[in-house]
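In what follows, a structure is listed as structure tokens, so that the remarks can point back to it.
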There are 2 protein chains.
Amino acid sequence: MPVEIVMNHATFRKAWRFDAFVEACAAAGMRRVSIWGNEVAEIGLDAARSRLRDSGMRAFGYNRAGPLLADTPEKRQSLMAAAKAEIETAAELGADHILLFPGGIADGAKGLEAARSQTTDACAILNEHARNCGIALALEPLHPMLAGDRTALCTLAEANRLCDRLGSNAGIVIDSYHVWWDAELEAQTALAGSSGRILGFHVNDWLVPTRHLLTDRGMMGDGVIDLAAMWAMVLGAGYDGPIEVEIFSEHWWAQDPDAVLALALGRCAEIFSGEAAR
Amino acid sequence: MPVEIVMNHATFRKAWRFDAFVEACAAAGMRRVSIWGNEVAEIGLDAARSRLRDSGMRAFGYNRAGPLLADTPEKRQSLMAAAKAEIETAAELGADHILLFPGGIADGAKGLEAARSQTTDACAILNEHARNCGIALALEPLHPMLAGDRTALCTLAEANRLCDRLGSNAGIVIDSYHVWWDAELEAQTALAGSSGRILGFHVNDWLVPTRHLLTDRGMMGDGVIDLAAMWAMVLGAGYDGPIEVEIFSEHWWAQDPDAVLALALGRCAEIFSGEAAR
């Protein structure tokens, strides 16, 4: 049984809009795509739903609920309303899970203490809303270099602890880029798996040198992450979902998207032993 | 009793060579400096020793023993010989501790497993050598964004575990830039302190946005780290050494070094409540 490969629209963000992205994935033989709310908003919910149905595709991951953090209760309330609306859209599109994006430290704040506590409180509310909508809420620990302006949730250990507090319906997406460096990687992956909460596995690579904190991720195989070992950990933890390709990269965004898609599928076939679903 | 402030030469790397740096620190009323082996090599060990003595200064931290990792035993042996020589130089200059710098993943390797095991083995040998030379070996966990090309030791938890294995003479330098994001920060700082192994506390700041992985550190107070809270943790853990300013920054390297020194001392006075030793 070959491993199913899913493309995240972010990998082709500058070349393809929603329709072209879905079409290209369908033409390559894939059955699911991971999508972004801003792209759905661009064409409207109904058009997005039709496009998926007409091409025989389903939504896997939906990006995203957040940002959530701000310096006043009013701003936080407004952000929470927007996040709830995203959850509803994701559920209406039948996505498997919606990614939580807490966002950066509030204006003028120092340290992560307030961000952590606001994130925990917000997650409890959003997970309840997601449960009612019938969609899983995915926590994704981001690389610690994004702690200043993206999230206060930087390790699998923290994500596991937060999931323990949230209870059912919350899970974790493991992105190789964000957690590959962690000495607790294997133990925390196993822990997440034993609770049945691994919702996705994102792949890309860490380049040496890395030239930009956000947009210099590598194609699988071009960097120093031991992706095969990570995949073995994730499989060993009981995950039976697809592998999702998510590469934020000015370099790859500037290439021909069809060539990038073919290359990504080829690398997935090589590294994760098994044919991509195409 | 005011907190003693120590400057790390890296903060003034492009403006001052060894003599000018030591002279400026002495003129500002400081008693200790943290120095670099390449600067000592530039003027020779005897000249460096005389310059320190003549200005009434002592060496606090010495950078550095490493890199150590390579893809062949021959290369690793040669790197170890160089690291041992640095330990001897640091001891001859009477430095308080020498910083370990493991270095990046070896050519062609994937993942951190081999790097971790080589680092552990090398540290056992180097710590023994440092003990014989009468100088402490300082492990400094570096930010996870440096795991690809600088170190496999990225958290205080790992540094504490490695210190447990190494036994006496090995300790830890806590750099706010590298560990501020860590949810285990307080617990692992307390653990390090309870074992009496905190050898130094480096300060600087995390800028939002951060434009470069190596050379865009901020001046204390300009970023999002809660430095006062970190200092309280370090003090609470029993540390009674100085605060060391280490800022790798193209921005600050391009400014007048006397102004940078005055500003850094001023910020230390503001943030760490207490006058800088000047």
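In what follows, every heavy atom counts, from backbone to side chain, and hydrogens, waters and symmetry copies are set aside. Quick note on labels: first sequence line is chain A, next is B, and so on, each numbered from 1.
Here the side chains of B/Met145 and A/Pro144 are not in contact, with every heavy-atom distance at 4.5 Å or above.
The NE2 atom of A/His212 sits 9.0 Å away from atom CZ of B/Arg211, with the distance rounded to the nearest 0.5 Å.
Heavy atoms of other residues, nucleotides or ligands lying less than 6.0 angstrom from CD of B/Gln77 number 12 at most.
Note: A/Gly148 leads A/Pro209, A/Cys154, A/Ala152, A/Gly148 in heavy-atom pairs under 4.5 Å with chain B. Your options are A/Leu214, A/Leu153, A/Thr210, and the one with the most heavy-atom pairs under 4.5 Å with chain B is A/Thr210.
Residue-level contacts of residues 156-171 of chain A with chain B, in order of numbering, are A/Glu158, A/Arg161; threshold 4.5 Å between heavy atoms. Applying a 4.5 Å heavy-atom cutoff, the residues of residues 102-112 of chain B that approach chain A are B/Ile105, B/Ala109, B/Lys110, B/Gly111, B/Leu112. By a heavy-atom distance cut of under 4.5 Å, A/Gly223, A/Val224, A/Ile225, A/Asp226 are the residues of residues 223-243 of chain A near chain B, going up by number. For residues 185-204 of chain A, heavy-atom neighbours of chain B at less than 4.5 Å comprise no residues at all.
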*Verdict with reasoning, B/Thr155 to A/Trp181, per side-chain contact (heavy atoms from CB on, under 4.5 Å)*: CA-CA 10 Å; B/Thr155 62; A/Trp181 56 270; 3.9 Å; yes
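For A/Glu113, no part sits under 4.5 Å from any heavy atom of chain B, backbone or side chain.
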